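Accompanying notes for the structure given below.
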Amino acid sequence: MKWQPRHVKKSRQRLKELVQQIVEFIKDRYPDAEIFRRRPAPGIDASMEVVVPDGEFANLYNAVGQLEDEIFINEGYEIVMHVYERSEWDEMQRKRRELEEPTKR
């Protein structure tokens, strides 16, 4: 069974504030980072994809992982961030476009 923090009444306004704090946290460290907000899966309060320069994945991944945990424990919101390096993101987008293109015969 997944651990849940003490009962916390969730507020949309507070969630927006937390998401904005996360965006600022990332942008302060990586001004060129791209952040995409995504529709969260059921049970998740917010979801984002973050693209950072190559070589910076580990630094940001560890920092946002700690931030996710702190928010969940202290506030009760589950915010999920997926971190990608630029080259990995570009390759994923290329493959996505290939899959979306109609078959040419």
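None of these values were measured; they are calculated from a predicted model. When a residue number appears, it is its place in the shown sequence, counting from 1.
- Checking side-chain atoms of E85 against main-chain N and O of V52 turns up no donor-acceptor pair under 3.5 Å.
- Here the closest non-hydrogen pair linking A46 and L15 is CB-CD1, 4.1 Å.
- Taken to the nearest 0.5 Å, the CG atom of N62 stands 7.5 Å off from the CG atom of N59.
- Rounded to the nearest 0.5 angstrom, M81 CE and L67 CG are separated by 5.0 Å.
- Taking both residues in full, the closest heavy atoms of V23 and M48 are given as CG2-SD, 4.3 Å, listed atom of the first, atom of the second, then distance.
- E75 contributes atom CD, which lies 11.0 Å from atom NZ of K10 (distance to the nearest 0.5 angstrom).
- Under a hydrophobic clustering in which Ile, Leu, Val, Met, Phe, Trp and Tyr are joined whenever their side-chain heavy atoms come within less than 4.5 Å, directly or via other members, L60 and V19 fall into the same cluster.
- A donor-acceptor pair under 3.5 Å is formed between the side chain of Y77 and the backbone N or O of S11.
- Counting non-hydrogen atoms of neighbouring residues, nucleotides and ligands closer than 6.0 angstrom, the OH atom of Y61 reaches no more than 12 such neighbours.
- Between P40 and S47, the shortest heavy-atom distance links the atoms CA-CB, 3.9 Å.
- Listed by chain and number, the residues in a salt bridge (Lys or Arg N to Asp or Glu O under 4.0 Å) with E88 amount to none (sequence neighbours excluded).
- Side-chain atoms of D69 and Q66 form no donor-acceptor pair, as typed in the model, at a separation below 3.5 Å.
- The environment of R94 atom CZ is dense: over 12 non-hydrogen atoms of other residues, nucleotides or ligands sit within 6.0 angstrom.
- Under the rule for a salt bridge (Lys or Arg N to Asp or Glu O under 4.0 Å), R37 has no partner lying at least two apart in sequence or in another chain.
- You'll find the side chain of V64 stays beyond 4.5 Å of the side chain of V50, heavy atoms only.
- Applying the salt bridge (Lys or Arg N to Asp or Glu O under 4.0 Å) test to residues at least two apart or on different chains, the pairs with a partner in residues 15-32 are R14-E17.
- Atom OH of Y84 sits about 4.5 Å away from atom CD of E49, to the nearest 0.5 Å.
- Looking only at distances, no side-chain donor or acceptor of D45 sits under 3.5 Å from a matching main-chain atom of I79.
- Taking CH2 of W89 as the start and CZ of F36 as the end, the distance is 5.0 Å to the nearest 0.5 Å.
- Linking Ile, Leu, Val, Met, Phe, Trp and Tyr whenever their side-chain heavy atoms come within less than 4.5 Å puts Y30 and I35 in one cluster.
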